[in-house]
Amino acid sequence: MAESWPFLDTFEPDFRPLVVIELAKGTKEETIEWFTKRIVDKKANGGEYNMIFCAQLLVKPLVTESGDEHIYLIGASHLRLLLGAETVGLVKECSDNSMRTFTYSSRKTFKDFADDNHNFLTMAECQYIIKHELENLRAKDEKMIPGYPQAKLYPGKSIVRRLLTSGILVQIFPLHDREELKKLRHSWYGRVKVGYQPLDEIRCYFGETIALYFGFLEYFTFALIPMAVIGIPYYVFAWEDYDKYVMFATFNLLWSTVILEVWKRICAIMTYRWGTLLMKRQFEEPRPGFHGVLGINPVTGREEPVYSSIKRQIRIYLVSLPFVCLCLYFSLYVMMIYFDLEQWALDYHEANESNFSSLMLFVPSIIYAIVIEIMNRIYRYAAEFLTSWENHRLESSYQNHLILKVLVFNFLNCFASLFYIAFVLFDMKLLRQSLATLLITSQILNQFAESLLPYWLQKRHKERMKKRMCSLKTDTDLSLVEQVNLEKEMGTYFGTFDDYLELFLQFGYVSLFSCVYPLAAVFAVLNNITEIYSDALKMCRVYKRPFAEPTANIGVWQLAFETMSVISVVTNCILIGMSPQVNALFTDSKTDLILTVALVEHLLLAIKFIMAFVIPDKPRDIQIKLAKLEFESLEALKQQVRATDVYNSEK
């Protein structure tokens, strides 16, 4: 680049690159100068409104042999990161072992804090702070991106979002810490061992959201073991005797309730230790994709985009809802085609009675399982587009609407055929065959698509990149250039959505109809054991490092799993009522049978909700600590009010 900009020449001598920004090749110099100036400007000029801090983000171009400066490294001074930690509301451990929201004015009271200790904030926390600052760069007076008149801006529009949609900004991603990653890989999946995952180390490196997912995956795998142990003898000794599955179904009902309630307690323990249980999220910043006319937030008093909720509701109910209903109809239509294929395969087998015809009985289920996976993935893209078009203000609201759309479709797409076989066709043998085929096929496809294929592609790319970097000669730190060039070509991890969805569907296969196919829990355990290692591998070797996202729980997924457990009570009660053993007790009146099954179902649901009420979501010691913090906050507020009253009376 011919020019040098003075504001890029003022960074600390110990500049630590944390985040990488890649601009499109050939981006105009005036655009680069304007964007980088907005990043390094003081908060009064380019950051959050009504927040005037003197610290600023630091930018350094990554110079390669070609001299093409389109990749920039972003860092921040230690002071800027500490002020940012207060802005985002990070919670840290104090010297008295309590957890409190970090403030710069009381920084000396926090454990391990020192002015020269730059490791007080983890690298993941520093990257999260920088991401927060970049996402909150919004247009104030600009009408367009300098150098690109077609890229329009208006007050309140996210600058990063506009640059991404205009193709000027290619990507933003946090850098890996290769030494820490090497240690994490060794303790996480470097050797095959029987033991717990290093969740605290995962949290320090990848953040709370990903650590909670792996914590839930590990917990769910252990919780499946009792179901698997009980299911094996049922499979071996009572394969065709569905009457003996009554006790298994009853245990299933209690199991599905207890594991979800116990998880809440385990989750509270972990997130309190990590500090996210105390983080305040009620004043969440607008998501980068949110757009509207610049206005004033009546709660915070800050300037931010404002969009009519009526317009959003119109988009949801007049466009999104009809589209979802149309997709559900199409899913049912495909299901009926599957049953036609099943009938054709059965007729072919009856006509030929050969080994080949026996194998053909499984072909329709395998084809249907593959079609289900394809339809789920296509629908996912459509759901993301619609949810983004609805223009939700908060990221949490966006995620909730997206999850709702995807869950409704996936539930119908994956389980509608099983409900039809069980409660319309009353064919338990076909139900067992279809359940086994859908479960095993979906697990194989997911393992291949999510882990094996991306790992193979990334390994090939890494080998090509290393050969190219060996011939590179430059004065720049070769290891950093190589690292950035390797990581920018890696795949992007789009969050835990697909991982939780896979566990949700697996939970449905196990809890809804496992009394018909007891080995469902066995296959789920085996799949999850390999899933832990394959997911760890893809996080460390296949994908770019994702930005950390603080979270206090698994969010709306907890409600999704609880809803599935309620549905499982209904399905298992009906399956029990359909068994010959129970029917033999009501030979005179089917009405009595139906009423009895309904009564038992209501009693089990009552027991389920009583158990959910009796088992506290948080352990007693954590409840006391939270109450103590609330009391201290109220006392501090009272003292502040008294001091203000005394000051006003003396004036």
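What's counted below: heavy atoms across the whole structure, side chains too, no hydrogens, waters or symmetry copies. Everything quoted here is computed from the prediction, not taken from an experiment.
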Donor-acceptor pairs under 3.5 Å, side chain of residues 321-341 to any protein atom, not counting sequence neighbours: which ones?
from : atom 1 : to   : atom 2 : distance (Å)
S331 : OG     : N413 : OD1    : 2.8
Y338 : OH     : E342 : OE2    : 2.8
Y338 : OH     : S365 : OG     : 3.2
Y338 : OH     : S434 : OG     : 3.0

Next on the checklist: Going by side-chain contact (heavy atoms from CB on, under 4.5 Å), name the residues that satisfy it together with D427, two or more places apart in sequence or in a different chain.
Outcome noted: I421, L425, K429, L430
Checklist entry - Which residues satisfy the salt bridge (Lys or Arg N to Asp or Glu O under 4.0 Å) test with E384, sequence neighbours excluded? => result R380
Next on the checklist: If the condition is salt bridge (Lys or Arg N to Asp or Glu O under 4.0 Å), which residues does D617 pass it with, not counting sequence neighbours?
Outcome noted: K264
Checklist entry - Taking atom types as modelled and ignoring hydrogens, do the side chains of Q506 and E502 form a donor-acceptor contact shorter than 3.5 angstrom? => result no
Checklist outcome for this item: Residues passing the ring pair (Phe, Tyr, Trp, His ring centres under 6.0 Å) test with W389, sequence neighbours excluded, are none
Item to check | Worked verdict on L407 versus T563 for side-chain contact (heavy atoms from CB on, under 4.5 Å) | outcome: CA-CA 11 Å; L407 283 188; T563 303; over 6 Å; no
Next on the checklist: Working note: E261 + R265, criterion salt bridge (charged side-chain N to carboxylate O under 4.0 Å, His left out); need CA distance, chi angles, decisive distance, verdict.
Outcome noted: CA-CA 7 Å; E261 293 304 317; R265 296 171 61 85; over 6 Å; no
Item to check | Counterpart residues, salt bridge (Lys or Arg N to Asp or Glu O under 4.0 Å), relative to R162 (two or more places apart) | outcome: none
Item to check | Set of residues satisfying ring pair (Phe, Tyr, Trp, His ring centres under 6.0 Å) with respect to Y509, sequence neighbours excluded | outcome: F415
Next on the checklist: Could you walk me through whether T492 and F173 satisfy the side-chain contact (heavy atoms from CB on, under 4.5 Å) test, starting with their C-alpha distance in whole Å, then the side-chain angles of each, then the deciding distance to 0.1 Å, before giving a yes or no?
Outcome noted: CA-CA 9 Å; T492 301; F173 63 92; over 6 Å; no
Next on the checklist: Restricting to ring pair (Phe, Tyr, Trp, His ring centres under 6.0 Å), what partner residues turn up for F609, sequence neighbours left out?
Outcome noted: none
Item to check | side chain to side chain donor-acceptor pair (under 3.5 Å) contacts touching residues 597-610 (sequence neighbours left out) | outcome: T257-K608, S565-K608
Item to check | Side chain proximity check, V408 to L412, heavy atoms < 4.5 angstrom | outcome: no
Checklist entry - With side chains defined as the heavy atoms from C-beta onward, is the minimum distance between F206 and F547 less than 4.5 Å? => result no
Item to check | Minimum side-chain heavy-atom gap M490-Y543 below 4.5 Å | outcome: no
Checklist entry - Should K311 and E390 be marked as a salt bridge (charged side-chain N to carboxylate O under 4.0 Å, His left out) after you check the CA-CA gap, both sets of side-chain angles, and the distance that decides it? => result CA-CA 9 Å; K311 292 182 180 179; E390 290 166 4; over 6 Å; no
Next on the checklist: I'd like to know if the side chain of D498 pairs up with that of Y493 as donor and acceptor (distance under 3.5 Å, no hydrogens or angles considered).
Outcome noted: no
Next on the checklist: Tell me every residue that passes side-chain hydrogen bond (donor to acceptor under 3.5 Å, both in side chains) with S442, counting only those two or more places apart in sequence or in another chain.
Outcome noted: none
Checklist entry - Can a donor-acceptor pair be found between the side chains of T271 and E208 at a distance below 3.5 Å? => result no
Checklist entry - Are any of the side-chain heavy atoms of I172 and L164 separated by less than 4.5 Å? => result no
Checklist entry - Which class fits the ring pair F216 and Y219: parallel under 30°, tilted 30 to 60°, perpendicular over 60°? => result tilted
Next on the checklist: Tell me whether the rings of Y517 and F523 are parallel (<30°), tilted (30 to 60°) or perpendicular (>60°).
Outcome noted: parallel
Next on the checklist: With ring-ring contact (aromatic ring centres under 6.0 Å, His included) as the test, pick out the partner of W557 among F497, W263, Y213.
Outcome noted: F497
Checklist entry - Can you pull the salt bridge (charged side-chain N to carboxylate O under 4.0 Å, His left out) pairs that have at least one residue in residues 315-328, sequence neighbours excluded? => result none
Checklist entry - So, E531 and K538, do they make that salt bridge, N to O below 4.0 Å? => result no
Next on the checklist: Among residues at least two apart in sequence or on other chains, which ones pass ring pair (Phe, Tyr, Trp, His ring centres under 6.0 Å) with F409?
Outcome noted: Y379
Checklist entry - Step by step, would you call V258 with M611 a side-chain contact (heavy atoms from CB on, under 4.5 Å)? => result CA-CA 8 Å; V258 171; M611 291 174 61; 3.1 Å; yes
